[in-house]
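Below: one structure, written as structure tokens.
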Amino acid sequence: MKLRIFLIAAVSIMVASTVSAQSINDITTKLNEGMAAANARDFDKSIVLLGEAYDMSKTSTEEGALDIGKQAYAALGSVTLNSGKKAASTKDYDAAIKAFSKGGEIFTSLSDTANAKQAIALLSKVYELKAFSLNKAGDFDNALATCQEGLVNNPNSSLLLLLSANSKYSKGNTSEALADYAALYAFAKSAPQYAKIEGQVNNALLSNAAEVAKTNVDLAEDNIALVLGNNPKNEIAHMQRVQIYNAAKDYKSVIKYGDEAVAAQTKLDNKMTLNYIIGAAYQVLLDNDNAVKYYNKVTSGQYAANAKQIVASLTKKP
């Protein structure tokens, strides 16, 4: 009696094993269904079907099944990346990040270097888009967290480095942010797109300076000094520095930085404007001789007529 029970159990196991084995035809059919769904841009359905085809290949004992499974897995990687692109286009950045991460894992496991690099690039881009969106919305905590996550994937993303510095600055971590901006300048010097990165950092720092100029001139100066430390000939930074000190009625600083600012300008009108501002600073400080000296340099532009009148007034004999 016991022997009979054992035999029945053995037969049951054999039947179960036979049923679980997958034929090449079944796997191929599932693969084709998955590709048809992908062509119809039903990526969610395609991912399920291709995943099933891959899993079926691993349990099949038929020769060639694993090769078909490898095809299904490679197709799964491509479809997963396409699903990420679709998610990114609708600004579903979290779904896109998940898809690109998974696609990268698939291609890395297949030793497909080209597609693995593509996945990293797509992942970096969507992290940049998400961080930019959060930063623009004023959600600096999550923007910073997104930058940090993205930099793990691509430490050389200049935009994530910039957005990270911007987020820190907006959160009030100005010292750390300024150090990051300085590091980004150094990083940019070895980057293929140096001019573009430098311009982005310049814009960020000069924008920071303009925003805080009315309430914190010293912090504005820290931002501008960083720009000029990277490029002493940056004429916009020189002009902005003098204008900030003039608005703050710090006329000694206007005079201190005035000549250097004039020398940096490439446009004649800007030189005339700065000479007028410097002349006015000397006049406020009751140094009329130097005031006349700088007013006399204003020979054209919108301030020329006024400068001429002031010179006449200051040199008029009693």
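Because the structure is a prediction, the values reported are computed rather than measured.
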Partner set under ring-ring contact (aromatic ring centres under 6.0 Å, His included) for [X], not counting sequence neighbours:
| X | value |
| --- | --- |
| Y282 | Y294 |
| Y73 | Y54 |
| Y295 | Y276 |

Interatomic distance, [X] atom [atom1] to [Y] atom [atom2] [nearest 0.5 angstrom]:
| X | Y | atom1 | atom2 | value |
| --- | --- | --- | --- | --- |
| L129 | T146 | CG | OG1 | 11.5 Å |
| N306 | Y303 | CG | OH | 9.5 Å |
| L285 | Q283 | CG | CD | 10.5 Å |
| N203 | E198 | CG | CD | 10.5 Å |
| K30 | E52 | NZ | CD | 4.5 Å |
| N115 | L110 | CG | CG | 9.5 Å |

For the backbone of [Y] and the side chain of [X], can you confirm whether one donor and one acceptor N or O come within less than 3.5 Å of each other?
| X | Y | result |
| --- | --- | --- |
| S170 | S167 | no |
| H238 | P232 | yes |
| N173 | Y169 | no |
| Q265 | A261 | yes |
| N234 | A237 | yes |
| N296 | V292 | yes |

Open item on the list: Under a 3.5 Å cutoff, is there a donor and acceptor pairing between the side chains of N290 and D287?
Closed with: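 Result is yes, a qualifying pair exists.
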Open item on the list: Quiz question: by atom type and distance under 3.5 Å, do the side chains of Q200 and S158 form a donor-acceptor pair?
Closed with: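 Side chains of Q200 and S158: no pair found under 3.5 Å.
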Task: NZ/NE/NH1/NH2 to OD/OE distance under 4.0 Å, D55 and K58 - done: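 Salt bridge flag = yes for K58 with D55.
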May I ask you to test the [X]-[Y] pair for a side-chain heavy-atom distance under 4.5 Å?
| X | Y | result |
| --- | --- | --- |
| I224 | L205 | no |
| L163 | L134 | no |
| Y127 | S157 | no |
| K98 | K102 | no |
| S164 | L161 | no |
| L31 | I27 | no |
| K86 | N82 | no |

How far apart are the closest heavy atoms of [X] and [Y], and which atoms are they?
| X | Y | result |
| --- | --- | --- |
| A204 | L162 | CB-CD1, 4.1 Å |
| A209 | I244 | O-CD1, 4.1 Å |
| A131 | L160 | CB-CD2, 4.1 Å |
| K168 | A177 | CB-CB, 4.0 Å |
| E235 | A264 | CB-O, 3.4 Å |
| A213 | V217 | O-CG2, 3.4 Å |

[X] and [Y]: same hydrophobic cluster, using ILVMFWY side-chain contacts below 4.5 Å?
| X | Y | result |
| --- | --- | --- |
| I310 | L274 | no |
| L81 | I97 | yes |
| L178 | L206 | yes |

Open item on the list: Run the side chain to side chain donor-acceptor pair (under 3.5 Å) test on Y185 and D180 for me, step by step, so that the C-alpha distance in whole Å, both residues' side-chain angles and the decisive distance to 0.1 Å come before the verdict.
Closed with: CA-CA 9 Å; Y185 272 135; D180 286 352; over 6 Å; no
Task: Pairs touching residues 121-134 that satisfy salt bridge (charged side-chain N to carboxylate O under 4.0 Å, His left out), sequence neighbours left out - done: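 Only D94-K130 qualify under salt bridge (charged side-chain N to carboxylate O under 4.0 Å, His left out).
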Task: salt bridge (charged side-chain N to carboxylate O under 4.0 Å, His left out): pairs with one or both residues in residues 260-269, sequence neighbours excluded - done: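 Qualifying pairs: none.
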Task: Counterpart residues, salt bridge (charged side-chain N to carboxylate O under 4.0 Å, His left out), relative to D141 (two or more places apart) - done: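 Only K171 meet the salt bridge (charged side-chain N to carboxylate O under 4.0 Å, His left out) criterion with D141.
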Task: Residues forming a salt bridge (charged side-chain N to carboxylate O under 4.0 Å, His left out) with E221, sequence neighbours excluded - done: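 Testing E221 for salt bridge (charged side-chain N to carboxylate O under 4.0 Å, His left out), a comparison that skips the adjacent residues, returns R241.
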Sequence neighbours excluded and cut-off under 3.5 Å, please list the side-chain donor-acceptor pairs for residues 36-50, or say none.
| residue | atom | partner | partner atom | Å |
| --- | --- | --- | --- | --- |
| N39 | ND2 | M35 | O | 3.3 |
| D42 | OD1 | K45 | N | 3.3 |
| S46 | OG | G34 | O | 2.7 |

Look at atom [atom1] of [X] and say whether more than 12 heavy atoms of other residues, nucleotides or ligands are closer to it than 6.0 Å.
| X | atom1 | value |
| --- | --- | --- |
| K136 | NZ | no |
| L228 | CG | yes |
| F187 | CZ | yes |

Open item on the list: Tell me every residue that passes side chain to side chain donor-acceptor pair (under 3.5 Å) with N288, counting only those two or more places apart in sequence or in another chain.
Closed with: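 Scan of N288 (side chain to side chain donor-acceptor pair (under 3.5 Å), adjacent residues dropped) gives none.
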- [ ] Enumerate the residue pairs fulfilling side chain to side chain donor-acceptor pair (under 3.5 Å) with a member in residues 207-217, sequence neighbours excluded, ordered by first and then second residue.
- [x]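 Checked against side chain to side chain donor-acceptor pair (under 3.5 Å) - neighbours excluded - the pairs reaching residues 207-217 are Y181-N208, N208-N223.
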Contacts table for residues 148-156: side-chain donor-acceptor under 3.5 angstrom, sequence neighbours left out:
| residue | atom | partner | partner atom | Å |
| --- | --- | --- | --- | --- |
| N153 | ND2 | I120 | O | 3.3 |
| N154 | OD1 | N156 | N | 3.1 |
| N154 | ND2 | S124 | OG | 3.1 |

Task: For F140, the rest of its hydrophobic cluster, which grows through side-chain links under 4.5 angstrom - done: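 Reading the cluster by chain and number, F140 sits alone, since nothing else belongs.
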